[in-house]
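Computed from a prediction, not measured in an experiment: that's the story for all the values here.
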Amino acid sequence: DDPHKLSAEYLTLFARICDCARAYSAQRKENVEIRATPDPEVLDNLAMSGIWLSSSVKTCVNSLASIRDSSLSAPNYPMTRFQKMRLSAAQLRLLSAFTAASSPTSFFADDGLNDKTKSNFIPVVSTESCFNVFESILKSNLWKNAINIALRHSFNAGWIVSDDTPSLEEEPIACAFVAELMNFAGAIKGKEIGQDNTHKTLIVTINNTLVRFRQNLHWSKEDSVNASRQSWFIEAEFAVLKYLIDMRHVQLLDSALLMDFAFSLIGRLSVGHEMMAFFIFSQDDLFSIPDVLNDTESMTSHTKSLQMALLSELCNASSRRAQLEHSACLHYSSNGLQPRPFQLRSLRSSADVIIASGAGALDERSLLPMGKTWLWNLVSSTVEVPKDSLKMAAFPEASNAVTNASDILSQTLKLLLHLEAASLESCHSSRVDKGTKLYHITNVFLYPEEVLSAIERTASALFRMLYDSESSNTNASTLVRDFITACYNHSRISKDKKPATPQSSDELSDDTYATSVFTQGQHSSHGPWRDELRALEDFVSDICESYLEHGGQYESFSMCLRLLLRHDFPPKVISDILTKLHPILNLLTIKEDRESMHSSLMQSVSGGLPSLDASRRDPSSVLDAFAAALKKRDRELSREDYIYLLAITVLSRNLASSSQRCECGLEAMKKRLAGISSAVIYDVFQVSKLLLESAAGTKENLIRATLDTCLNSSSYLFLQDVDEQNKWAWNKSLEDTVWIDAVTFLRKNECRKSK
């Protein structure tokens, strides 16, 4: 019983007729045979359709020109805001389609008509009328309401349902209204009437709306929302993006905002939106960035190889080409893309989610959706090169593949570095958590030497930026969990695994495998599952092998290993790293000042005295691994080496804690330290003594005690007097005596502190 809804449906149908006319005109231009032998009946039908629809088009123009008038609806059929918006969207749809189909450039093919004939073409709707409609809409409340609804998800990672979420009736209407206005504005952007101010008004409104939503970003995890609902937002956003790109010559555009808007949209595109992705990847301006690694800010870094790689991914398999064809047919008339004829069978999607167990399943999978980490996924891709240098020389295509891969990775890293440098203004960058970023950038060091040597400078700059910004992050457990999750998701894709499922309730307890490995007995609802731990262990094993192969020549690679030695990572991971890298642990030391070393150790240690700061004690396997790192070495670690400082810190902390509460812990520490030189044991006890003497017993006190002791040459055991050296002489015959005296020494200092 809604006559306005029926009117909107009819107007949309009329617009489809105009689309068909425009598609036929396009085919005439491309097909010489059709142009040479035109069908008079078809041309007559086209002309009659234009005449027949002209009355409806003029009515739409008059109605839209008075859209601000509250008396727009007839007295007998009053319209609600939703109905008015639906009708206006349909009117804009018809006006855009009719204007595009009836223009001389669209309607006339090169079939002998001279320029004079085309110039004498009189449009049904004048340019002035189009701009009157344009200006009227921009001043209406309908437009203000619609743009706020259509762009509300522009920078969100997920689809949010909140108290102020519009109804499902209003959302698609608002998105359609915005999309049709963008198409209409794009259709008249070339009209020579001097109405640039109207376009500037629209651009300013869009910019302000995007800035507002970016500043008031709703942070949430992805929710499962109906694909149709997602699609109408995506189509509206793409229409806005395409209009802004087409109007790039207007100086009012914020290029950084436009890039952020486009990159956020790419992550939310899904199957069926391939043509949109193709359009975005083709825009050089979106991928042109200042070269942040050069002092000259005017230098611009181009990403042509990256763009070509992304474009090729959309059509590098038969199923993907079919899906791109399908998407082109769906979106040719909407969003201002060029029309083209098609058969009905081409509207069938052949690249929905493919579930296949046979070979080639990964190649047939649709590229979309790419997710919010789409740029970071490029960094952790795979490059295959011959290991034999002779084969590299014999096959130029292999060498070209390495060069091309290096270019793509280098350009991707520069783009990510640019986004991270502008992270305060870039929602696309800030929406990806630090743990995920650090995982993907760590993958860079798995590339072969031929590739790594070409990209290491940029990769190092990006890793250092992430590593340094993370040092102030107090929620370390979240970062590690995100790192492990990203590692598992990446391994599952590469190995085509099914998602892991949690254990049944009958199998779970506080001492489950996942919980015990991750938290050593402390119950945690966030502990990783078996498959996640296995994926992390495999990844760490590959990283260690690569580090051994490269010989620790890259400082940023050493920082990656330091990251993986953080206390929040599973104990087995920490133990494996210390064991596999035992011969070259000294290479984890880099050039840094005391402040930087202090920051690094603060991230790696779990806490101070557990009795005072409620931190957890370190697992025995980790303590054993650190003790082993200090002995059985061909080359002794220097007291300034990172691993030496970290090992002293961890062992001293647990020795101090055991001296307070646990005789069995002291006995375990005694066995653990057996075989270590007396100078190292002396440092362990000195740091423990300083920690026990501190008032608060915090992690800060612990790190300061380590640095004050180990970086001070005067505190070295063999620079003490002979009596002191003899007192700490650690050999089999005096082992028990020295240990008892040392523990007594610690406990006396603690008692003195208590008094």
Side-chain angles (χ1 to χ4, degrees), residues 263 266 277-278 281-282 284 286-289 291-293 300-317 320 360 362-363 365 367 370-371 373-420 436-463 466 486-487 489-491 493-496 539 542-543 545-547 549-551 553-554 556-557 560:
F263 287 2
I266 290 173
F278 192 91
F281 293 151
S282 302
D284 294 343
L286 290 178
F287 290 85
S288 296
I289 57 173
D291 195 339
V292 295
L293 294 180
T300 302
S301 176
H302 297 283
T303 55
K304 206 64 178 179
S305 296
L306 169 60
Q307 291 174 253
M308 293 303 297
L310 291 170
L311 289 171
S312 66
E313 284 295 315
L314 286 169
C315 51
N316 62 356
R320 291 188 177 184
L362 290 178
D363 294 334
R365 185 175 54 207
L367 177 65
M370 298 175 71
T373 58
W374 64 275
L375 262 179
W376 293 95
N377 291 337
L378 289 169
V379 175
S380 52
S381 301
T382 302
V383 177
E384 295 184 3
V385 297
K387 292 185 178 180
D388 190 346
S389 59
L390 294 178
K391 290 183 178 180
M392 282 284 288
F395 297 98
E397 61 274 13
S399 179
N400 293 336
V402 170
T403 302
N404 188 42
S406 300
D407 288 342
I408 294 171
L409 287 168
S410 178
Q411 292 170 13
T412 304
L413 290 168
K414 287 181 180 179
L415 186 56
L416 288 170
L417 187 61
H418 169 73
L419 293 174
E420 285 300 313
T436 300
K437 293 176 182 178
L438 287 168
Y439 166 74
H440 285 288
I441 193 63
T442 301
N443 273 266
V444 167
F445 299 101
L446 293 176
Y447 285 114
E449 179 67 27
E450 296 84 357
V451 176
L452 184 55
S453 60
I455 65 174
E456 193 276 333
R457 180 170 175 247
T458 310
S460 177
L462 179 58
F463 183 85
L466 292 171
C487 177
N489 289 337
H490 187 221
S491 69
I493 292 174
S494 61
K495 296 178 181 179
D496 200 24
F539 173 71
D542 292 340
I543 283 291
E545 290 179 8
S546 180
Y547 191 78
E549 180 181 348
H550 292 306
Q553 59 181 303
Y554 302 113
S556 51
F557 200 170
C560 288

Mind listing the closest non-hydrogen atom pair of H440 and V379 along with its distance? O-CG1, 3.5 Å
Test applied, ring-ring contact (aromatic ring centres under 6.0 Å, His included); reference residue, Y439; option that passes from F463, F539, W376: F539
OG (S556) and CZ (R457) are apart, to the nearest 0.5 Å, by 12.5 Å
Between T436 and N489, is any pair of side-chain heavy atoms under 4.5 Å apart? no
Hey, does L378 have a side-chain heavy atom less than 4.5 Å from the side chain of L310? yes
Find out whether I455 and T458 are in side-chain contact, i.e. whether some heavy atom of one side chain is under 4.5 Å from a heavy atom of the other. no
dist T373:OG1 -> K437:NZ (nearest 0.5 Å) comes out at 11.5 Å
Considering only NZ, NE, NH1 and NH2 on the basic side and carboxylate oxygens on the acidic side, decide whether K304 and D284 come within less than 4.0 Å. yes
For the residue pair S312 and A309, what are the closest heavy atoms and their distance? OG-O, 2.7 Å
Check whether any side-chain heavy atom of I441 sits under 4.5 Å from a side-chain heavy atom of L413, and report yes or no. yes
Classify the ring geometry between W374 and F281 as parallel (under 30°), tilted (30 to 60°) or perpendicular (over 60°). tilted
Looking only at heavy atoms, what is the nearest atom pair of I289 and K414, with distance? CD1-O, 3.4 Å
Only one of T412, I408, L409 passes side-chain contact (heavy atoms from CB on, under 4.5 Å) with S305; say which it is. I408
Taking all atoms of both residues into account, what is the closest heavy-atom pair of Y447 and H550, and its distance? O-NE2, 3.6 Å
A side-chain contact here means heavy atoms from C-beta on lying under 4.5 Å apart; do F263 and L419 qualify? yes
In short, N377 meets M370 closest at the heavy-atom pair ND2-O, 3.9 Å
Quick check for you: to the nearest 0.5 Å, what is the distance between L416 atom CG and H418 atom NE2? 11.0 Å
Working to the nearest 0.5 angstrom, can you tell me the gap between L462 CG and L438 CG? 9.0 Å
Between atom CD of E420 and atom CG of L466, what is the distance when rounded to the nearest 0.5 Å? 5.0 Å
Before you tell me yes or no, could you show the steps for E456 and Q553 under side chain to side chain contact (heavy atoms under 4.5 Å, CB included), namely the whole-Å CA-CA distance, both residues' side-chain angles and the distance that decides it to 0.1 Å? CA-CA 11 Å; E456 193 276 333; Q553 59 181 303; over 6 Å; no
How would you list, by chain and number, every residue that makes a salt bridge (charged side-chain N to carboxylate O under 4.0 Å, His left out) with E545, sequence neighbours excluded? none
Report the distance from atom SG of C487 to atom CG of N443, rounding to the nearest 0.5 Å. 7.5 Å
Which label fits F445 and F557: parallel for a plane angle under 30°, tilted from 30 to 60°, or perpendicular past 60°? parallel
Sidechain-backbone polar pair: S282 side chain, F278 backbone, donor-acceptor under 3.5 Å: yes
